[in-house]
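Only one structure is covered here, and it is reproduced in the block below.
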Amino acid sequence: MSKNVGLKLSTVALAVMLASCGGGGSEGYYNQEGSSNNSGNNGNSNETIESKNPVNIGEISLLDASNTTTYVVTPDGVMALVQVTDQTGKGIPNALVRFQGESIVLGTSNGAVLTDSNGYARISLNPSSNNLTGAYQLSATTEFNNNSAISKVLNFTIADRQTSIKNLNVSANNINSGGSLTVTLDTLDPVNNSIQDNVEINFNANCGTFENAVINSVNGKIATKYFAVSAGGVPCVGSDVIKASTKDGKSVSTIGITVNALPPNAIVYSSQETLLYTNTSGQSTSGYVEFTLKLDDKVIPNQNVDIEILRGPDDLNFVNKGNRNATTVPSDNNGIVRVYLYPGAKPGPVEIKASLASDSSIFAVSRGLSVGTGRVTQRGLSLSVSKNALDNTKDGDTAEIVARMVDRVGNPVPDGTAITFITEGGSIDTRCLTSAGSCVVTLSTQNPRPADNRVSVLAYVEGEKSFIDVDGTNVWNKAVTTLLHNIGSFYRDDDEDGMYDQGEYKYTREGGNQACQPKSAIDFPVLRFPNIENTCDDKLDAVIREQLIFSFSPDTAKFRSEKATLDSSELSFEVFGNTQYSVPMPSGSTVKVEADDTTDNNKSCSSTLWFGNETVPAVFDLMSPTSFASSSQVYYSYRIKDCAVGDKFTITVVAPNGQVSKKQVVVTQQ
């Protein structure tokens, strides 16, 4: 290859020439066409080029976005440029040039391009990763008409892009809370102060937000809007700092502004309906409500608010324990004033007033706020059943038990109050949790099945003893108040004899060794409210208990005292579910009486139900094992008409499972 000056044009000269004349080879990057003035002597008519080879390739040049020669490749990328010439130094068009390098991504998938009309080949070049740094090499090979040439190796470095943020400015240094301003800046090269385009800048502030928090520069310029409102919608107040930074965080610029506070024009009570509990309830003894300060639809922070009690129990404290005086409380950064409440022993409705300290005409009053006593009392537990005479002949006949509980002033106990159930026979849900003061469990027939067909079910829940509030303080004071019925440890009375017997389930209350007086056998009969004597104490806390009796009834009716007389014009009988006469037939059984009319008296003997249920009821008073035998619920009476001595009636009882029991009754005179 000739050594004359034509081949010694520097890459800088080539870059300058291409910037004015155009380039090609990589679509959309720098100029695409070479200068039409370029010729074999590279546009210099005073220089000649002599080459020995039919195909020659020059040195590779790298050009940045401003068409300046560089040896540094940043994430912005560069353009690689090389010329292919013939033996006379004239550029060869349409020659294939293939570029090869380390840790780079080239502008075509195979790294190959064709030369333009002046023999120039150009291709974009980017680092293969944004995290790369160090020195690397690039070379090019050309092929034309079965001739080829290889360029010199070009050494280059890969480095992070360097950007300097300059001229950060705001359109106003002082704005109102919730207002806005414009932020501008320039992105420049830190070395030569030239414009850098398409640079990503991130904006943030101590409080405010931005129209575009991430934005790329256009012609080295960036503009965005700052809003004096936090991301949560809270207006900013006081000093704020706007910060602009490059993506890599190596260039940062800040500017401070002042945000003026605006007073709110409304206070809003922002809590839901709230039920608090007295300090004797066993529940949480404090709570809070919230008020929100607003200017139109924006919340306003850091404002003083006067808090006072308009109505409420005279032992209710607020803001701080022991305080009942009007108190000034500041709103927080979210415009919220939180008022803590500390109930005493008395229940009742509560109204809290919040007024703007700077303008008392702006205020709000709490709604739906009250204090309730909370725990269930002895007299506040109520159990009911869907039925209590179950079919013992199968597994899975069920009855629902509903537990309802109120506190000492008749309010439902707190949601989630747990009541426990245990059973002598069958199976039962372990517990249920109250909602609006009630909950439900299910009792099912299965083994074990007590031999007497009577099943004791015990329910118990933590609560308090009922007392007479002698001094009107609503607080248990053992020196002056009177318990209605002191209770201690208890048991499940399986044999229903009114006392604890060995082998029965027992629940022991620790520390109770006092006599359990006074008591009322009428209000708290021991068969319903089992209690173990001499296990009581003088405290208010207690485990409230109640026992229910269920019948696991057989399916074969047991008749008793059946008779029909003309003197009384009555047919009567009793129907039981077992031979001990201690349970009824299963609920849903049917009872029917029909006349056989076997005598010939030219009359049609008939009967009409006068007392009793043709369908066995769902719920019975099962009384005690011995007293149930005299229950009126199993007694039936029919009026008979047009009958004669010797006429017969058939009593038919059909159990829910289809089992039929019959009994015939003959009419007598008396």
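For clarity, every value in this text was computed on a predicted model and none was experimentally measured. Side chains are part of it too, since the values below use all heavy atoms of this structure and drop only hydrogens, waters and symmetry mates.
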Using a 3.5 Å distance criterion without hydrogens, assess whether the side chain of [X] forms a donor-acceptor pair with backbone atoms of [Y].
| X | Y | value |
| --- | --- | --- |
| Thr327 | Asn325 | yes |
| Tyr136 | Thr133 | yes |
| Asp315 | Lys346 | yes |
| Asp429 | Val441 | no |

Got more than 12 heavy atoms from elsewhere within 6.0 Å of [atom1], [X]?
| X | atom1 | result |
| --- | --- | --- |
| Ile150 | CD1 | no |
| Phe210 | CZ | yes |
| Asn146 | CG | no |

Going by distance alone, is a donor N or O of one side chain under 3.5 Å from an acceptor N or O of the other, for [X] and [Y]?
| X | Y | value |
| --- | --- | --- |
| Asn265 | Asp296 | yes |
| Ser355 | Asp306 | no |
| Asp240 | Tyr226 | yes |
| Asn216 | Asn198 | yes |
| Thr163 | Gln196 | yes |
| Asn53 | Asn147 | no |

**Request:** Establish, yes or no, whether a centroid distance under 6.0 Å links the rings of Tyr269 and Phe291.
**Result:**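 When the ring centroids of Tyr269 and Phe291 are compared, they turn out to be within the sub-6.0 Å range.
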**Message:** How close do Ala80 and Ile60 get, counting heavy atoms only, and between which atoms?
**Reply:**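 Closest heavy-atom pair between Ala80 and Ile60: CB-CG2, 4.4 Å.
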**Message:** Give me the atom names and distance for the closest heavy-atom approach of Leu114 to Asn94.
**Reply:**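 Of all heavy-atom pairs spanning Leu114 and Asn94, the closest is CD2-O, 4.0 Å.
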What is the distance from atom [atom1] of [X] to atom [atom2] of [Y], rounded to the nearest 0.5 Å?
| X | Y | atom1 | atom2 | result |
| --- | --- | --- | --- | --- |
| Ile257 | Asn173 | CD1 | CG | 8.0 Å |
| Ile336 | Thr292 | CD1 | OG1 | 4.5 Å |
| Thr246 | Gln162 | OG1 | CD | 8.5 Å |
| Ile267 | Leu293 | CD1 | CG | 4.5 Å |
| Thr182 | Lys225 | OG1 | NZ | 3.5 Å |
| Leu341 | Ile352 | CG | CD1 | 5.0 Å |

**Request:** Report the residues that fulfil salt bridge (Lys or Arg N to Asp or Glu O under 4.0 Å) with Arg367, sequence neighbours left out, ordered by chain and then residue number.
**Result:** none
**Request:** Start with the C-alpha gap between Leu316 and Phe318, add the side-chain angles, then the distance that decides, and say whether side chain to side chain contact (heavy atoms under 4.5 Å, CB included) holds.
**Result:** CA-CA 7 Å; Leu316 172 69; Phe318 71 107; 5.6 Å; no
Between [X] and [Y], is any pair of side-chain heavy atoms under 4.5 Å apart?
| X | Y | answer |
| --- | --- | --- |
| Pro54 | Asp86 | no |
| Asn126 | Val73 | no |
| Thr69 | Leu62 | no |
| Val55 | Ile92 | yes |
| Leu181 | Ile242 | yes |
| Thr70 | Val78 | yes |

**Request:** In sequence, state the C-alpha distance, the side-chain angles, and the governing distance for Asn260 and Asn174, and then conclude on side-chain hydrogen bond (donor to acceptor under 3.5 Å, both in side chains).
**Result:** CA-CA 7 Å; Asn260 303 313; Asn174 196 306; 2.5 Å; yes
**Residues Asp407, Arg375: salt bridge by 4.0 Å N-O rule** =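 Result for this pair is no, no salt bridge flagged.
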